[in-house]
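The figures here come from the full heavy-atom set of this structure, side chains too, leaving out hydrogens, waters and symmetry mates. Quantities reported herein were computed from a predicted structural model and do not represent experimental measurements.
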Amino acid sequence: MLAQGVGRCLLPQRSRPARSSRGLCSAAATDALDRVRALLQLCADRHYICPGESNAEMFRRGWSCGYGPLGVELRRNLLQQWWHSVSGSRARVFAVDTLSSSVGRGAGGARVVGSEHFQQLLSQPELSGERLTQELKRLMLSAPSLRPSLLQGALEQFVPSLEMVNKKLPFGLAEAGLCFQPSDGSEPCCMRDRLNMSVSTLSSWTEDIFLFPVSLAEVTQMSLVWFCSPRTSSQWLDHWARHRLKWWRKFALSPSDFNSVEVPEHELEETASRGMKILYNFPWGLQSLETLWCRGDAELLQAYKGVRSKLQSRDGRKSIPHVVSVCGNMDRGVMAFLSNSLQQLRREDGKKRLQHRKVLKIHPVLAPVKVALDIGKGATVELRQVCEGLLQEFLEARISAWPGYLDTLPTSLEHLNAKYDEMGVLFTVVIGENTLESGLLQVRSRDTTIKETMHISEIRNFVFKYISAAEKF
């Protein structure tokens with residue numbers, strides 16, 4: 001696969017390795033590495049990601065990977081909360097859904113060409129260097145361009161959205177979707193180097209076009225593009241930075257691991273006057289979850305070929321709106337919350353034996369499984385019928401439940417609790433003989449490990465109120 005960038009290289013800046021503070025002992029570094037390995041292994045074992053070293057590495061890097069059932073549910077919950085956050089915080093935030101590829105898209109997207117077409121051109125010895133250059137350029141510029149971000153799609157939706165709001169500012173366009181970025185981190189190679197062409201031949205090109213064999217990584221991005229008056233753009237950047245940091249910390253077990261920083265002037269994007277980043281402190285170092293930019297009006301003007309009359313709003317001035325962009329990495333966000341929620345506990349049992357317990361204390365709103373249903377001692381057929389009825393009640397209330405009672409392998413309650421703790425299940429409900437006789441069942445909390453007895457008619461409302469209270473907190 002070949003990708004082409006017009007005007008500028010599409011490769012992201014290489015991430016710098018986190019510098020260790022002075023005096024950092026090797027034991028701490030080893031502990032951090034062990035924690036990463038334990039987390040990735042747990043995610044594979046408990047159905048958050050598909051097994052395999054390459055898939056785990058994609059997940060660690062913040063790329064879209066193969067998710068298991070629990071990972072799909074966690075990502076869905078996180079995305080749903082993001083939508084509630086950006087659309088519920090301001091009245092004039094609207095959802096858009098733009099194409100992930102476009103033949104007419106300009107600079108900024110990787111163009112993908114089938115290798116057979118490229119090889120076919122190179123295998124024609126009768127083509128001169130100049131003719132080959134022209135044919136390659138034609139092939140590249142006619143190929144579909146894959147979006148590296150969601151910004152361009154939002155800019156293209158600005159004018160119709162401006163008409164919808166009667167040309168009044170501010171307003172925002174929100175979108176979540178797949179973007180495509182080079183994954184190998186290599187530098188692009190000029191065609192002159194690849195094809196041994198002369199500089200004079202390449203000088204006939206009107207644009208700098210680079211070729212680089214890459215594998216494209218899929219990244220699930222969440223984007224808010226906010227259009228406002230030029231005089232308020234910096235204030236809006238501060239507003240959204242505070243808003244986004246508060247949102248990340250809301251669902252964190254350890255909120256202090258999430259922080260915001262101002263982007264230094266020498267690291268600003270070309271069109272940006274200011275920038276902010278939301279960072280998470282992973283075991284291997286700080287990484288960006290969301291980036292916010294004051295982008296000015298240059299990209300908006302470029303998207304509409306400088307036709308200012310289309311872009312002017314009714315704010316009493318004839319100025320062009322400024323753009324504040326908020327772009328987040330959903331896949332890295334999933335990794336951040338899993339890393340933040342993992343607790344590895346040690347305790348002695350009644351026989352003075354040291355036991356290790358891993359718990360994913362995922363926020364109740366984000367937890368992919370709220371309740372696990374299992375059966376204790378008693379008439380198996382009757383107990384399963386009770387579980388089926390209770391499962392249906394949870395599903396009707398949109399409370400995700402795990403049908404543990406369908407597992408035919410005999411397992412002790414101790415092992416079941418350990419399994420569900422690693423899955424991040426909020427409550428384990430055990431239905432036994434007492435349930436058949438008196439309607440009483442046993443409920444165990446993930447976070448406190450306390451077991452209590454409750455009537456079967458109360459359990460659904462109990463779980464629902466627990467989750468609702470956590471959402472409002």
Less than 3.5 Å apart, any donor N or O on the side chain of [X] or [Y] sitting next to an acceptor on the other?
X      : Y      : result
Arg357 : Asn417 : no
Gln41  : Asp45  : yes
Ser325 : Arg295 : yes
Tyr420 : Asp374 : yes
Glu156 : Thr98  : no
Arg242 : Ser260 : no

Fill in the blank from the handout: Taken in chain and number order and not counting sequence neighbours, the residues that satisfy side-chain hydrogen bond (donor to acceptor under 3.5 Å, both in side chains) with Thr435 are none
Fill in the blank from the handout: Applying side-chain hydrogen bond (donor to acceptor under 3.5 Å, both in side chains) to Trp248 and not counting sequence neighbours gives Glu290
Exercise for the section: Examine Arg60 relative to Trp284 and say whether NZ or CZ is less than 6.0 Å from the centre of the six-membered ring and inside a 45° cone about the ring axis. Expected result: yes
Practice task
Could you tell me whether Arg244 sits above the aromatic face of Trp240, with NZ or CZ closer than 6.0 angstrom to the six-membered ring centre and within 45 degrees of the axis?
Solution key: no
Exercise for the section: Assess the pair Phe337 and Phe258: is the distance between their ring centroids shorter than 6.0 Å? Expected result: yes
Handout entry: is_close_aromatic(Tyr48, Tyr67), centroid dist under 6.0 Å
Key = no
Beyond-backbone contact of [X] with [Y], side-chain heavy atoms, under 4.5 angstrom:
X      : Y      : value
Ile278 : Asn259 : no
Ser234 : Arg274 : yes
Asn329 : Val219 : yes
Trp293 : Val326 : no
Phe282 : Arg332 : yes
Ile431 : Cys387 : yes
Ile459 : Val443 : yes

Practice task
List the steps, then state whether side-chain contact (heavy atoms from CB on, under 4.5 Å) holds for Trp63 with Thr220.
Solution key: CA-CA 7 Å; Trp63 302 338; Thr220 307; over 6 Å; no
So does [Y] get a backbone contact from the side chain of [X], meaning a donor-acceptor N/O pair under 3.5 Å?
X      : Y      : answer
Ser400 : Lys370 : yes
Lys250 : Glu471 : yes
Ser161 : Gln157 : yes

Are [X] and [Y] ion-paired here, with the side-chain N under 4.0 Å from a carboxylate O?
X      : Y      : result
Glu388 : Arg384 : no
Glu53  : Arg37  : no
Glu452 : Arg444 : no
Asp331 : Arg75  : yes

Practice task
List the steps, then state whether salt bridge (charged side-chain N to carboxylate O under 4.0 Å, His left out) holds for Glu175 with Arg147.
Solution key: CA-CA 13 Å; Glu175 181 178 11; Arg147 63 186 182 191; 3.5 Å; yes
Exercise for the section: Might you point out which heavy atoms bring Leu342 and Lys358 nearest each other, and give the distance in Å? Expected result: CD1-CB, 4.4 Å
Handout entry: Shortest non-hydrogen contact between Leu224 and Val93, atoms and distance
Key = CD1-CG1, 3.9 Å
Handout entry: Partner residues of Phe464 under the ring pair (Phe, Tyr, Trp, His ring centres under 6.0 Å) criterion, sequence neighbours left out
Key = none
